[in-house]
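Notes follow once the structure below has been shown.
In this chain, numbering begins with 1 at the start of the sequence shown.
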Amino acid sequence: MQQKQRIINALERKPVDKIPAGLFTTAAPLEIMDSCGVARPEADFDAEKMAELAIATQSILGFETIRYPFDLTVLAESFGCKIHRGSKDIPPAVLEGPEINIEGIEVPEDLMQRGRMPAILEATHIIKRQVGNEVPLICGFAGPVDLAVNLMGMKPFLLKILKEPHKIERLMEVTTQACIKAANESLEAGADVICFGEAVVSPDIVPPAMFKSVIKPYYRQLVDSVNGKCVIHVCGKSDPVIKDIAECGFCGISVEESVEDLQYAIKMAHEGGAALIGNVSTSTTIYNKNAEEVKAEALKCLEAGVDILAPGCGIAPQSPIKNMQALTQARNEFCEER
């Protein structure tokens with residue numbers, strides 16, 4: 001079974017010859033940049049270099065996905081947020097949002113011509129030309145909630161969603177439409193799956209009841225309007241909202257290592273119709289431990305029943321290559337034993 005078909009089958013919860021090992025979160029390891037001669041921040045802004053680094057990362061690490069770009073600030077930049085370009089070992093970051101009128105905000109008509117969006121689309125074309133249909137392209141953007149936070153600021157957003165949720169409805173409508181537009185343009189350019197990254201929807205930040213009443217309707221609108229497969233990555237202890245997220249129509253949910261009961265999370269995802277992706281620790285295990293310890297944690301994920309084995313969050317640039325390669329090695333050993 002080709003890598004792309006294996007990933008697609010897993011996301012559709014169809015039979016696979018072996019559990020896929022994929023990358024759905026951001027990764028631009030320093031060792032790979034040194035190996036292929038392409039580095040950030042140039043690879044964050046130049047389409048050809050972005051494509052080259054994404055392909056090299058997949059080839060060297062052995063994952064069955066090509067994940068790009070390498071940060072989640074692209075849409076925020078297109079809306080006018082001021083960003084720091086970053087460096088070789090520091091990804092771009094939002095410095096401050098634009099001055100906005102929440103009630104009058106609109107999706108810019110030229111959204112796809114702003115900032116780095118043209119580079120994302122061109123990188124998609126380049127990668128697709130080079131790898132064809134053998135390896136799935138995973139194009140990642142900030143989700144509508146994180147984009148809203150980038151535009152409004154964390155504290156004002158949380159105050160509104162907790163005390164005056166009706167006052168952020170227009171902003172959420174706009175950020176959802178922006179995510180839909182970026183996703184559909186990327187799919188048309190050749191991406192196979194869109195992964196939306198969300199940190200703020202964690203129950204650690206937004207109460208589950210508020211998620212269900214305020215955010216869930218926009219997620220449903222998002223998935224219903226995207227012309228292809230949507231995966232969501234949720235930071236934090238997402239256990240209480242996994243089933244609600246799955247019910248929005250996402251074909252896959254990527255979770256962090258902070259999920260307290262992985263088997264329960266898998267059960268909830270499946271009941272909602274989604275595959276569960278994850279969740280080897282990036283900050284503790286992949287970054288700080290050795291390859292054998294990475295394999296041991298990966299095997300626990302596989303034994304719990306994840307549909308796709310993957311890092312639990314974005315990979316720190318300083319993470320050793322051998323630790324990332326250990327995920328696929330663990331998958332191979334697990335499947336061979338069965």
Side-chain angles (χ1 to χ4, degrees), residues 3-4 7 21-78 83-94 112-142 182 185-187 189-195 197 233 282-283 286-287 291 310-311 313-328:
Q3 293 175 339
K4 178 177 175 179
I7 289 287
L23 180 63
F24 288 80
T25 50
T26 56
L30 294 177
E31 288 184 67
I32 293 178
M33 287 189 260
D34 292 339
S35 175
C36 71
V38 176
R40 310 174 81 168
E42 292 79 14
D44 290 310
F45 294 85
D46 180 274
E48 291 187 1
K49 292 179 180 179
M50 184 185 300
E52 187 173 350
L53 181 56
I55 293 171
T57 299
Q58 185 272 333
S59 175
I60 293 171
L61 297 183
F63 287 122
E64 294 168 302
T65 56
I66 294 177
R67 168 59 164 84
Y68 65 102
F70 316 113
D71 71 282
L72 294 174
T73 67
V74 173
L75 281 174
E77 183 183 11
S78 293
I83 70 163
H84 184 276
R85 281 179 60 92
S87 61
K88 185 176 182 181
D89 60 347
I90 300 175
V94 173
M112 303 307 294
Q113 286 74 52
R114 291 185 171 200
R116 285 178 286 158
M117 280 308 312
I120 304 300
L121 298 179
E122 180 57 27
T124 304
H125 288 298
I126 295 169
I127 297 170
K128 183 62 76 172
R129 285 198 299 268
Q130 292 193 29
V131 305
N133 285 315
E134 293 186 6
V135 185
L137 277 59
I138 315 296
C139 186
F141 297 104
E185 293 268 1
S186 300
L187 289 164
D192 297 295
V193 179
I194 305 299
C195 183
H233 173 76
T282 53
S283 59
I286 294 176
Y287 178 64
C313 200
I315 293 176
Q318 299 85 357
S319 299
I321 285 179
K322 62 182 180 181
N323 283 2
M324 291 174 270
Q325 293 171 328
L327 269 76
T328 304

Give a yes or no answer on whether the side chain of K49 reaches the backbone of V38 with a donor-acceptor pair at less than 3.5 Å.
no
Is the number of heavy atoms from other residues, nucleotides or ligands within 6.0 Å of CD (Q113) greater than 12?
yes
Where the side chain of Q318 meets the backbone of L30, is there a donor-acceptor pair that is under 3.5 Å apart?
no
So does D44 pair up with R85, basic N to acidic O under 4.0 Å?
no
Just how far is it from atom CG of D71 to atom NE2 of H84, taken to the nearest 0.5 Å?
12.5 Å
Determine whether a donor-acceptor pair (N or O, by modelled atom type, separation under 3.5 Å) exists between the side chain of N323 and the backbone of A291.
yes
How long is the span from the CD atom in Q130 to the CD1 atom in I127, to the nearest 0.5 Å?
8.0 Å
Any side-chain donor-acceptor pair under 3.5 Å between T124 and Y68?
yes
I'd like to know if the side chain of E64 reaches the main chain of Q3, judged simply by a donor and an acceptor atom lying under 3.5 Å from each other, with no hydrogens or angles considered.
no
Which heavy atom of L75 sits nearest to which heavy atom of A142, and what is that distance?
CD1-O, 4.1 Å
Within the side chain of R114, is there an N or O that forms a donor-acceptor pair under 3.5 Å with the backbone of R116?
no
Interatomic spacing from CZ in F63 to OG1 in T57 - rounded to 0.5 Å
10.0 Å
Any sub-3.5 Å donor-acceptor pair from R40's side-chain atoms to F70's backbone N or O?
yes
So, T25 side chain and C313 main chain: donor-acceptor pair closer than 3.5 Å or not?
yes
Point-to-point distance, once rounded to the nearest 0.5 Å, from CD1 of I321 to CD of Q325
6.0 Å
Point-to-point distance, once rounded to the nearest 0.5 Å, from CG of D192 to CG of L137
5.5 Å
Between A191 and C139, which heavy-atom pair has the shortest distance, and what is it?
CB-CB, 4.0 Å
Which of these, I194, L72, T73, sits in a side chain to side chain contact (heavy atoms under 4.5 Å, CB included) with F141?
I194
Non-hydrogen side-chain atoms of P91 and T26 separated by less than 4.5 Å:
no
Whether the side chain of S186 engages the backbone of A182 through a donor-acceptor N/O pair (distance < 3.5 Å, no angle test) should be reported.
yes
